[in-house]
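Comments concern the structure below.
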Amino acid sequence: MARADADLARRVWRAMSDLVLDHDRKLAVSDALGLSWARVQTLRRLPSEPLTMRELAQRLAADPPYVTLMVDDLEKRGLVQRLPHPEDRRAKLVRLTAAGRAAAARADAILDEPPAALHDVPAKDLAALLGVLEGLAPKAGTG
């Protein structure tokens with residue numbers, strides 16, 4: 001990459017970072033749900049099928065004892081349910097309750113709302129930006 005291109009890439013990266021960081025929705029989601037961001041992420045990382053506590057810890061890149069504390073709290077709030085594992089008596093499965101699915105959906109709705117300024121960008125420019133960003137995204141199965 002030529003020096004001018006490298007400088008331009010840095011400016012673009014800074015602008016993208018500033019845009020995302022200035023419109024961080026984590027606090028809004030946490031306030032709306034009355035949950036810490038870590039607990040919101042726990043809800044959002046649980047798929048439609050139950051996961052073992054170990055699998056959930058791996059998805060969250062968190063220590064299993066910490067995940068246990070979060071699941072304890074989410075269970076008390078009625079957002080997740082622990083189930084016995086059908087094949088391993090030592091393992092527990094965790095799944096979202098209806099209330100947990102609703103909370104995860106509400107979090108996603110808040111996080112998906114773009115900054116107001118993005119609504120003023122012409123559709124062709126948004127499509128071009130999306131194409132560039134999708135081209136930069138890691139492909140499935142790659143680092």
Side-chain angles (χ1 to χ4, degrees), residues 1 5-143:
M1 181 181 303
D5 291 342
D7 289 340
L8 182 58
R10 277 192 215 42
R11 288 179 51 215
V12 169
W13 176 246
R14 173 58 63 138
M16 288 185 343
S17 295
D18 288 348
L19 177 67
V20 170
L21 295 175
D22 287 348
H23 297 283
D24 186 1
R25 297 279 199 292
K26 289 188 269 189
L27 184 58
V29 171
S30 291
D31 287 347
L33 298 179
L35 297 170
S36 70
W37 178 245
R39 282 161 177 75
V40 170
Q41 286 296 86
T42 301
L43 294 177
R44 295 181 68 232
R45 294 291 188 270
L46 278 168
S48 58
E49 296 300 316
L51 293 178
T52 65
M53 294 286 284
R54 181 173 304 284
E55 290 167 330
L56 180 58
Q58 289 171 340
R59 280 193 180 207
L60 294 168
D63 294 327
Y66 181 58
V67 172
T68 298
L69 291 173
M70 289 193 296
V71 169
D72 287 346
D73 181 56
L74 293 170
E75 189 173 37
K76 286 177 190 168
R77 295 170 185 256
L79 300 172
V80 300
Q81 179 181 35
R82 279 191 179 96
L83 305 166
H85 193 288
E87 298 158 6
D88 183 352
R89 292 182 348 181
R90 298 167 297 160
K92 294 287 185 191
L93 295 173
V94 181
R95 77 170 174 198
L96 290 172
T97 62
R101 283 190 298 281
R106 186 168 181 212
D108 287 342
I110 293 168
L111 292 168
D112 287 346
E113 182 57 34
L118 215 48
H119 292 288
D120 296 332
V121 176
K124 68 177 181 53
D125 292 341
L126 288 175
L129 178 58
L130 180 61
V132 169
L133 293 174
E134 288 178 342
L136 294 172
K139 304 298 183 236
T142 63

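Remember, predicted model here, so these are calculated numbers, not experimental data. One-based numbering along the sequence shown.
Here the CD1-CZ distance, from Ile110 to Arg25, works out to 9.0 Å after rounding to the nearest 0.5 Å. The line from OG1 of Thr52 to NE2 of His85 is 6.5 Å long, rounded to the nearest 0.5 Å. One distance of note links CG of Leu74 with OG of Ser36; it measures 8.0 Å at 0.5 Å rounding.
Using a 4.5 Å heavy-atom cutoff, the side chains of Met70 and Leu56 are not in contact. The closest side-chain heavy-atom distance from Gln41 to Arg44 is below 4.5 Å. Considering only heavy atoms from C-beta on, Val80 comes within 4.5 Å of Leu43 through its side chain.
Of all non-hydrogen atoms in Ala38 and Tyr66, the two that sit nearest each other are CB-OH, 3.5 Å.
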Taking distance alone, no hydrogens or angles, what donor-acceptor pairs closer than 3.5 Å link side-chain atoms of residues 97-107 to residues at least two apart or in another chain?
unit_1 : atom_1 : unit_2 : atom_2 : d
Thr97  : OG1    : Gly78  : O      : 2.6
Thr97  : OG1    : Leu79  : O      : 3.2
Thr97  : OG1    : Ala99  : N      : 3.4
Thr97  : OG1    : Gly100 : N      : 3.1
Arg101 : NH1    : Leu96  : O      : 3.2
Arg106 : NH1    : Ala32  : O      : 3.1

Exercise answer: donor-acceptor pairs, residues 115-128 side-chain atoms, under 3.5 Å, sequence neighbours excluded:
unit_1 : atom_1 : unit_2 : atom_2 : d
His119 : NE2    : Glu113 : OE2    : 3.3

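Asp24 places a side-chain N or O within 3.5 Å of a backbone atom of Lys26 that can act as its donor or acceptor partner. No donor-acceptor pair under 3.5 Å is formed between the side chain of Arg82 and the backbone N or O of Lys92. With hydrogens and angles disregarded, a donor-acceptor distance shorter than 3.5 Å links the side chain of Arg10 to the backbone of Ala6.
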Test Leu133 against Met16 for side chain to side chain contact (heavy atoms under 4.5 Å, CB included), laying out the working first.
CA-CA 10 Å; Leu133 293 174; Met16 288 185 343; 3.7 Å; yes
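For Asp73, the salt bridge (Lys or Arg N to Asp or Glu O under 4.0 Å) partners at least two apart in sequence or on another chain are Arg39, Arg77.
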